[in-house]
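One structure is given below, encoded as C-alpha cells.
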Amino acid sequence: MPELPEVETAARDLAAQVIGRQIVAIEKLDWERMIETPTPAEFHALLPGRQIVAVGRRAKWLLLTLDAGWTLAIHLRMSGSVSVHPPDMPADVYTHLVLRLDDERRIFFHDTRKFGRVRLLDAAGLVLLDQRHGPEPLSETFTEEVLAALLRGRRAQLKPLLLNQAVLAGLGNIYVDESLWRARLHPLRLAASLTQREIAALYEAIRTVLTQAVQNKGSTLRDYRTGYGQSGENQHYFMVYGKTNVGQPCSRCGTAIVRLVVGQRGTHICPQCQQIYAGSTEPSGLDSPA
DNA sequence: CATTACCTGCAA
DNA sequence: TTGCAGGTAATG
C-alpha cells in the first residue's frame with residue numbers, strides 16, 4: 001500500500017486516537033519476523049509501560065514517539081494498515097500485532113502479506129532512520145531548487161530515481177506515475193536531461209498530486225485502510241494508474257493509457273502526452289556515453 | 001543495473 | 001495455473 005499520503009493519513013488518524021495513552025501490553029505478536037530491532041525478547045521487555053506522546057511520519061515510516069526516548073517505527077510495506085479498535089473487536093488471522101492501551105482499546109497492525117516491519121528505536125536509531133531518507137516533498141523546505149539539485153548530474157531514469165527513498169522520501173509506484181503524467185514527463189527520461197521548465201512542472205506535479213491524495217485520505221486499492229479502518233478516496237482521482245485494464249482515455253488528449261514496465265514496476269502513461277524525447281529535450285551526453 | 005526474495009490473495 | 005499487486009533488501 002502505503003505511500004506518503006496513506007502513511008500520513010494513518011499517522012494523523014492514530015494521533016487523534018492514541019496520544020497520551022499508555023501501551024500496557026503486547027496482546028498478540030504471531031509473526032516475530034516483523035520485528036527488525038531489537039530482538040523479540042527485548043521488544044517484549046521494553047514496549048509495555050511506554051506512553052505514546054506523539055505520532056508522526058518520516059518517508060513511509062509511521063512513527064509513534066514514546067516516553068523514555070523510544071520511538072515505535074512501523075513500515076506498512078505493501079499490505080499493512082494500522083487502526084484502533086474497541087476491546088470487543090476480535091483480531092483476525094492477518095492482524096499480526098495487537099497493542100493493548102490503558103483505556104482497553106487496541107492498536108491493530110493488520111498485514112496480509114507479512115511484508116510490514118516494526119522497529120523500536122532509541123534516539124540514535126531514529127537519527128539513522130531519518131538520515132537514510134531524502135527530503136520530504138511536502139515540507140516547506142522542499143523547493144524547486146531542491147528538486148533541481150536532486151536531479152542534477154543523475155543519469156538514472158526518472159521513475160526509478162523518484163522511487164528511491166534515499167533521494168526523495170515518500171513517493172511510490174502510484175504517485176510517481178500520477179506525478180509524471182501531470183508533468184507530461186516520460187518515466188524513462190534521464191533525470192539530468194530535464195529542462196528548468198520541466199523541473200518546475202515536475203515539482204508542481206509532485207506537490208499537487210501528494211497534497212490532493214492526503215486531502216482524500218490516501219488511495220485504497222486492496223488492503224489499505226485509514227486509522228479508522230475506512231477506505232481512502234483518492235483512487236477515484238487517478239489519471240493513469242490502473243487505467244489500462246479497461247483501456248481508458250487520457251483525460252487531457254483522449255489517447256488510450258498504456259502500461260509498460262520500468263525498473264521492474266508496472267508503469268502507466270499517456271503515450272501522447274508523455275513522449276521520451278520530444279522536441280528539444282535531448283539528454284546531454286546521449287551521444288557521448290560515459 | 002537486473003533479478004530474486006519476502007508473503008498472500010485474487011483476477012485472468 | 002499463472003501472473004500480478006501500493007515496497008524494499010539482498011544477491012548476481
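First the proteins, then the strands, lettered A, B, ... as listed; each starts at 1.
- With a 6.0 Å cutoff to the six-membered ring centre and a 45° limit on the axis angle, A:Arg117 does not count as a cation-pi contact of A:Trp61.
- Sorted by first and then second residue, the pairs that involve residues 92-102 of chain A and meet salt bridge (Lys or Arg N to Asp or Glu O under 4.0 Å), not counting sequence neighbours, are A:Arg21-A:Asp102, A:Glu27-A:Arg100.
- In this entry B:dC7 has no Watson-Crick or G-U wobble partner, no candidate having both defining distances under 3.5 Å.
- Of the candidate nucleotides C:dG7, C:dA9, C:dG6, C:dG6 has the atom lying nearest to any side-chain atom of A:Arg222.
- For the pair A:Leu260 CG and C:dC4 C1', the computed distance is 16 Å after rounding to whole Å.
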Which atoms of nucleotides 4-7 of chain B (N or O only) lie under 3.5 Å from a protein N or O atom, and what are those distances?
{"residue": "B:dC6", "atom": "O3'", "partner": "A:Arg33", "partner atom": "NH2", "Å": "3.0"}
{"residue": "B:dC7", "atom": "OP1", "partner": "A:Arg33", "partner atom": "NE", "Å": "3.2"}
{"residue": "B:dC7", "atom": "OP1", "partner": "A:Arg33", "partner atom": "NH1", "Å": "2.5"}
{"residue": "B:dC7", "atom": "OP1", "partner": "A:Arg33", "partner atom": "NH2", "Å": "2.4"}
{"residue": "B:dC7", "atom": "O4'", "partner": "A:Arg113", "partner atom": "O", "Å": "3.4"}
{"residue": "B:dC7", "atom": "O2", "partner": "A:Arg113", "partner atom": "NE", "Å": "2.8"}
{"residue": "B:dC7", "atom": "N3", "partner": "A:Arg113", "partner atom": "NH2", "Å": "3.2"}

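- Residue A:Arg265 places at least one side-chain N or O closer than 4.0 Å to OP1 or OP2 of C:dG6.
- The distance from atom CD of A:Gln165 to atom CG of A:Leu171, rounded to the nearest 0.5 Å, is 7.5 Å.
- When the P atom is used for both B:dA12 and C:dG6, the distance is 16 Å, rounded to whole Å.
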Chi angles and distances behind the side chain to side chain contact (heavy atoms under 4.5 Å, CB included) call for A:Trp181, A:His268: CA-CA 8 Å; A:Trp181 176 84; A:His268 313 77; over 6 Å; no
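- With P as the reference atom, B:dT3 and C:dC4 are 13 Å apart, rounded to whole Å.
- For the OP1/OP2 pair of C:dG7 and a distance below 4.0 Å, the side-chain nitrogens and oxygens of A:His75 include no atom meeting the criterion.
- The salt bridge (Lys or Arg N to Asp or Glu O under 4.0 Å) analysis of residues 141-153 of chain A, with sequence neighbours excluded, yields no pairs.
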For A:Tyr203 and A:Phe142: C-alpha separation, side-chain torsions, deciding distance, then whether ring pair (Phe, Tyr, Trp, His ring centres under 6.0 Å) applies. CA-CA 9 Å; A:Tyr203 176 79; A:Phe142 182 68; 5.6 Å; yes
